[in-house]
Number of protein chains: 4
Amino acid sequence: MQLGLIGLGKMGGNMRERIRRAGHTVIGYDRNPEVSDVKSLEELVQQLDAPRTVWVMVPAGTATQTVIDELKDLLSPGDTVVDGGNSRWTDDEKHAAELGIKGIGFVDAGVSGGVWGLQNGYALMVGGNKEHVEPLEPIFEALKPEGPYGYVHAGRVGAGHFSKMVHNGIEYAMMQAYAEGWELLEKVNSVDNVREVFRSWQEGTVIRSWLLDLAVNALDEDEHLQKLRGYAEDSGEGRWTVEAAIDNAVPLPAITASLFARFASRQDDSPQMKMIAALRNQFGGHAVESKE
Amino acid sequence: MQLGLIGLGKMGGNMRERIRRAGHTVIGYDRNPEVSDVKSLEELVQQLDAPRTVWVMVPAGTATQTVIDELKDLLSPGDTVVDGGNSRWTDDEKHAAELGIKGIGFVDAGVSGGVWGLQNGYALMVGGNKEHVEPLEPIFEALKPEGPYGYVHAGRVGAGHFSKMVHNGIEYAMMQAYAEGWELLEKVNSVDNVREVFRSWQEGTVIRSWLLDLAVNALDEDEHLQKLRGYAEDSGEGRWTVEAAIDNAVPLPAITASLFARFASRQDDSPQMKMIAALRNQFGGHAVESKE
Amino acid sequence: MQLGLIGLGKMGGNMRERIRRAGHTVIGYDRNPEVSDVKSLEELVQQLDAPRTVWVMVPAGTATQTVIDELKDLLSPGDTVVDGGNSRWTDDEKHAAELGIKGIGFVDAGVSGGVWGLQNGYALMVGGNKEHVEPLEPIFEALKPEGPYGYVHAGRVGAGHFSKMVHNGIEYAMMQAYAEGWELLEKVNSVDNVREVFRSWQEGTVIRSWLLDLAVNALDEDEHLQKLRGYAEDSGEGRWTVEAAIDNAVPLPAITASLFARFASRQDDSPQMKMIAALRNQFGGHAVESKE
Amino acid sequence: MQLGLIGLGKMGGNMRERIRRAGHTVIGYDRNPEVSDVKSLEELVQQLDAPRTVWVMVPAGTATQTVIDELKDLLSPGDTVVDGGNSRWTDDEKHAAELGIKGIGFVDAGVSGGVWGLQNGYALMVGGNKEHVEPLEPIFEALKPEGPYGYVHAGRVGAGHFSKMVHNGIEYAMMQAYAEGWELLEKVNSVDNVREVFRSWQEGTVIRSWLLDLAVNALDEDEHLQKLRGYAEDSGEGRWTVEAAIDNAVPLPAITASLFARFASRQDDSPQMKMIAALRNQFGGHAVESKE
């Protein structure tokens, strides 16, 4: 099968490689000419036989919108655009409608796999109409891990990115779970060797998982994580998950706590804790720590 | 009425003063001879007419236990000991039993008021048997604020400290409420003058309170709390409140979140966030911040 | 001063009364002819002398948008519209821009006070340009409580509703604080009389507040709240507060916990707890409760 | 190797079987004569050659204490007792001291594996002195899963149960993570087939784990978990984890949120939400839901 692929960064470049290994033809475009197969989007479109499939793998937001706007003008009725980036699910319906006016199909694909995807395969959560999704299945088959799992047609347009977003929300709380347990074990004296406790959990326990394996890898590199700062970014999906929960009146205490822990980790000094200190001083004469 | 008062620190000293102003006789003892009225516990006990009432106002834990052990030997059947310190309610039954063997009564009194108590009165939450509590009411009357509120006989032994502990748990979450709101207002651009917003809330709003008045005082002294570090101690009652909730399977999400926010404020670098950073690096190749 | 007031429901009707008591002229319009002073918006605008001030007090969202759209056509350059409803602050800039094209000023006013406002005054948090806000001050003066507090010009357009929204977020966590403490006190045996403990806190404590007074009122009506279901709606501002916090990467653990507790209170059976039960059964053979 | 095993319930019975399959001699005692190999603890001790090893696998608390008290009298210096039950780590030091007076060794072993242990092996987290732990390694080897993981000597007495307790705390938050994500996916319309989304996650994703596999099993049995009530017990370790965190001033927001969600799931009607409803009614005249 033939595929156009726009965006050949860390994710897109590896995906091109994995799809090619499965025997498909990939024409890749990137603004960086050193990795691009063609000189322009126009050329990419020209080189594909109709009906064309173009997979967009660029940053969510403005970059994705710009590419979709350009493709709307370049593609023809019967072609299909796949947004495989981290777009917010609420953008998908808008994009589907914009392309649909021209008779161009739209599919949203949440992609998980990170730096391990080239080797192990990418998990794919896909949203869209059956008529647009089914013809793409050879590509999904090439990208996904071997075995029965790793691909789902989750529902209509938006369902792919929504499912991927919830995946990331769950990921936040799972990481937080291990992190909290690790801190508590490191804090007490009776446990000598926290790293080996984590290692032992990799089989036979209720909490064995791939994230646990990664935690052991990290502890093997730096047993007490002394080289790191306790500072964690968030990539957007965690925030969107909480916002989706609020829209739907679903309580998400653990996922939200995990997101807030990251927010707090990025504050040098907590404004709200200054207010707590100030109030304690006002009513109790409790000593406060001053800045100097 | 006659009262022995042991412990003449910030709290005890002011309480002696307030009780005396009400016309009662207070014989105070403190290890610091400069503030003490007598040279020893023995002397204090000798100077009181039976049946004696001795109010203990020393730090919870070992100090309180030591004084109660000594009083058990010095006092006589029919005397009463009041523990007005911040003892854990679970200690009260033990103390009541120890003193009860000798026929000495025991009353626990949670005392709120801080540095404002001398002037405004102390709120009192009292636990114990009616026969021990009622004779003490002239003292409670002297200590409490004027007006109909500020004193309650909450229940049997332990109920006073338990009620005071829950009071402090509520206090944690109320302080956190204002602190969170203040941080959010300070963060956004559209609100010019957060201090004046807080000030305006002091009348006509649902959230007017004494703590809000104190917040305004604090902001008047230091508008953006720039002189403070975001660092807050906890005094024990918050922890006990959460532990009591766990014992009783009562969910306390807001109070517990407030306690944990204080714990986190005292960490220079969060161990659990190091683990989050390590995991993100493992699966996604996300950059981490190193210590140097 | 002359004021047009649109929306004469529970809030608007009382506000008309309070402004009139202060000696101003209020021409009120409501779709309900029984309470309306005029038959139409057109008539309301005709009866006001230029430059006109029209205060909109209708439900946030579509109703407010519709009225603002109509006023845009009916009013003249130099007139001013005040949105005193519970609009989301993000709508304010849009409304200001829409009206601004026609030279009409816009002011957003967050109003607190509920059923007590007529008697005690309404707290007002106002956003907008000085040139639009200052001429309105006689009206604000009439609405606000007596005394120095209860009114603030918080900042530019949107700052009024933003401040009111944060006020409500704080309110959520304060209510949750008392509610958690109350449940814990009710649960333990040692405390006989939880209502009297709450009553006693009304003076001399750190947690005295208007909400506490209301809690005592409620317990006086129904000591153990046995007539109520544990079911709480949320009015939107709590959700917006959490969303604003997420937009600004501000952790709000206590306020968010309070919002989630309300969400959970409205579920007859918790879907997420079904999953917990299912997992426990899968790995541990733990008994589950079935529906029948 | 020879082992005495006390307690042949769901866990103990399967462990006896697994140890025997590895070629060791197990003499089991249970109060139920149908499963017991001997008639009494005395007989069990007589049949073992010195130095004896006796593994206690009875419910934590009174039952474990009773057995340890009896073994203290029956065993001889040089023998070793293993507590493989779910005892609180704080009991381990006490038990070690009680047995140590008689020269009897003590080892605490946290055991994970549930109903799957017989087939897949039990994960073991062990605490105690090297001299007591090392002679037991053939038994640990027989119980643990094949492969390099599943067993750790975590530290001194108490470290085994502490590690197992933290394991369970992590488990609480991981289960909550999947549960929250599942509820959110079930709530939205765009995702048609939540079960298939969960199934797809089993390979290639960041959140693949054994618990996820179990979740898919559960959804295969009952796609929307309609047969279950949203009701979850907690077994003690989650509570102890939070208490240990409080003792050590470690914030555990996600684990604690997970515990509180279980507490709330067991309440037919939430007392704290009654207070919220009562307060909303007091200040805003908001309708409340009454019981009838």
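Predicted, not measured: the structure shown is a model, and the values here were computed from it. Residue numbers begin at 1 in each chain, while the letters A, B, ... track the order of the sequences.
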Worksheet item: If you draw a 6.0 Å radius around CD in A:E146, do more than 12 non-hydrogen atoms from other residues or ligands fall strictly inside?
Response: no

Fill in: Most chain A-contacting option - heavy-atom pairs closer than 4.5 Å, from D:N120, D:N193, D:I255
D:I255

Discussion item. Can you tell me which of A:V152, A:V111, A:N248, A:V206 forms the most heavy-atom pairs within a distance under 4.5 Å of chain D?
Written reply: A:V206

Discussion item. So which residue, D:W210, D:F260, D:F162, ends up with the most heavy-atom pairs under 4.5 Å with chain A?
Written reply: D:W210

Discussion item. Among A:E196, A:Q176, A:E171, A:R208, which residue has the highest count of heavy-atom pairs closer than 4.5 Å to chain D?
Written reply: A:R208

Worksheet item: Taking all non-hydrogen atoms of both residues, which atom of D:I170 and which atom of A:A177 are closest, and how far apart?
Response: CG1-O, 3.4 Å

Practice prompt. Examine whether an atom of D:P145 lies under 4.5 Å from a heavy atom of chain A, and if so say whether it belongs to the side chain, the backbone or both; otherwise answer neither.
Written response: side chain

Worksheet item: Is it the side chain or the backbone of D:Y178 that comes within 4.5 Å of chain A heavy atoms, both, or neither?
Response: both

Worksheet item: Where does D:D247 contact chain A at under 4.5 Å (heavy atoms): side chain, backbone, both or neither?
Response: neither

Practice prompt. Find the one option among A:S112, A:G160, A:A254, A:A123 whose heavy-atom pairs under 4.5 Å with chain D are most numerous.
Written response: A:A254

Fill in: chain A contacts, top residue of D:A244, D:A173, D:G150 (heavy-atom pairs, under 4.5 Å)
D:G150

Item to complete: Count the heavy-atom pairs under 4.5 Å between each of A:V194, A:L212, A:D213, A:V191 and chain D, then report the option with the highest count.
Response: A:V191

Fill in: Contacting moiety of D:A261, where chain A heavy atoms sit under 4.5 Å
neither

Worksheet item: Looking at A:G147, A:S258, A:G155, A:P253, which makes the most heavy-atom pairs under 4.5 Å with chain D?
Response: A:P253

Worksheet item: Taking every heavy-atom pair that is under 4.5 Å apart, which of D:K187, D:H167, D:R199 has the most such pairs with chain A?
Response: D:H167

Discussion item. Just so I know, are the side chains of A:R156 and D:N189 near enough to count as touching, which here means a heavy-atom distance under 4.5 Å?
Written reply: yes

Practice prompt. Answer yes or no: does atom CD of A:E93 have more than 12 heavy-atom neighbours from other residues, nucleotides or ligands under 6.0 Å?
Written response: no

Worksheet entry | Side chain, backbone, both or neither of D:M125 within contact of chain A (heavy atoms, under 4.5 Å) | side chain

Item to complete: Answer with side chain, backbone, both or neither: which region of A:S163 has an atom nearer than 4.5 Å to a non-hydrogen atom of chain D?
Response: both

Fill in: Best-contacting candidate, D:A159, D:S190, D:A179, D:G113, against chain A by heavy atom pairs under 4.5 angstrom
D:S190

Worksheet item: So does D:E141 have more than 12 non-hydrogen atoms from other groups sitting under 6.0 Å from CD?
Response: no

Fill in: Flag side-chain contact, heavy atom, 4.5 Å: A:S209 against D:L211
no

Fill in: Minimum side-chain heavy-atom gap A:E203-D:P148 below 4.5 Å
no

Discussion item. Shorter than 4.5 Å, heavy atoms on both sides: which option in D:I207, D:D192, D:V188, D:V166 has the most such pairs with chain A?
Written reply: D:I207

Discussion item. Donor-acceptor check, side chain of A:E183 to backbone of D:V250, threshold 3.5 angstrom: yes or no?
Written reply: no

